[in-house]
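The first residue in the sequence is number 1, and the count goes up from there.
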Amino acid sequence: MSDKLAFQFKMQTKMLERQSITHDKQEKAERDKVKKALMKGNIEAAKIHAENAIRHHSESLNCKRMAARVDGVQARVANSAAQRQMAASLKQTVTLMSKVTANMPLTETSKLMDSLEKNFEDLEVKTKVMDDAMQNATSVQQPVDQVANLMQEMADEAGIELNLNIPTAPAVGTSVALKEQDELSQRLAKLRES
């Protein structure tokens with residue numbers, strides 16, 4: 001049952017990742033349209049395309065964020081199944097240990113207990129890493145004046161000087177958002193490795 005559920009979550013994660021890629025491609029196309037419109041001097045069309053690019057960028061981040069959440073749920077379901085298996089295994093181990101310890105030297109019993117404690121510590125570390133990654137995956141913020149920044153960035157790339165009442169802001173906002181998007185992708189990959 002939990003294997004089926006984990007598989008369904010994995011499929012939903014992949015679907016969300018594909019949607020994110022589609023939005024990334026659409027964002028790039030809209031950014032190119034902004035540049036072309038600015039080169040033609042069509043500021044209104046550039047503004048519309050910039051708004052579309054920002055929307056696609058936001059949708060891409062939302063898909064990635066949701067994919068990370070679904071992947072986290074899938075990991076918890078898998079973890080739950082693993083814990084049930086471990087509980088069954090521990091029950092067998094306790095039964096065997098009670099039979100064996102009657103005839104076993106204390107040093108071998110100590111080695112078994114050390115090994116058991118190490119397995120518990122490894123499980124706790126993996127659970128903590130997953131929880132931390134899930135908290136960090138939801139902390140992405142949007143730049144304040146995205147449309148103006150994107151239009152300015154596209155104008156700079158095209159070598160066009162904008163003489164509008166658009167506040168000039170460094171193009172860092174978009175690159176920061178792209179960096180955050182890359183960080184999300186890296187966290188998602190680390191979650192899958194765990």
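Considering CE of M66 and OG of S20, their distance stands at 12.5 Å, rounded to 0.5 Å. Within the model, atoms CZ of R69 and CG of L16 stand 11.5 Å from one another, a figure rounded to the nearest 0.5 Å. The CZ atom of R76 sits 11.5 Å away from atom CD of Q74, with the distance rounded to the nearest 0.5 Å. For the atom pair CD1 of I48 and CD of E30, the computed distance is 10.0 Å after rounding to the nearest 0.5 Å. Separation of atoms CE (M86) and CG (N79) is listed at 8.5 Å; rounding is to 0.5 Å. Of the inter-residue distances, the one linking L38 atom CG with H49 atom NE2 reads 10.0 Å to the nearest 0.5 angstrom.
Comment: K28 engages D32 in a salt bridge, judged by a side-chain N to carboxylate O separation of less than 4.0 angstrom. For the pair K35 and D156, the salt-bridge criterion is not met [side-chain N within less than 4.0 Å of a carboxylate O].
A heavy-atom distance below 4.5 Å is found between the side chains of F9 and V77. Under the 4.5 Å side-chain criterion, counting only non-hydrogen atoms from C-beta, R31 is in contact with M154. Considering only heavy atoms from C-beta on, E17 stays 4.5 Å or farther from C63 through its side chain.
Side-chain contact, H56 with Q26: a donor N or O sits under 3.5 Å from an acceptor N or O. A donor and an acceptor atom, one from each side chain of R65 and N62, are located under 3.5 Å apart.
Across every non-hydrogen atom of T13 and V70, the tightest pair is OG1-CG1, 3.3 Å. Between A37 and A46 the shortest heavy-atom distance is CB-N, 3.6 Å. Between A53 and E27, the shortest heavy-atom distance links the atoms O-CG, 3.5 Å. A50 approaches V34 most closely through the heavy-atom pair N-CG2, 3.2 Å.
Other residues, nucleotides and ligands contribute only 12 or fewer heavy atoms inside 6.0 Å of the CE atom of M39.
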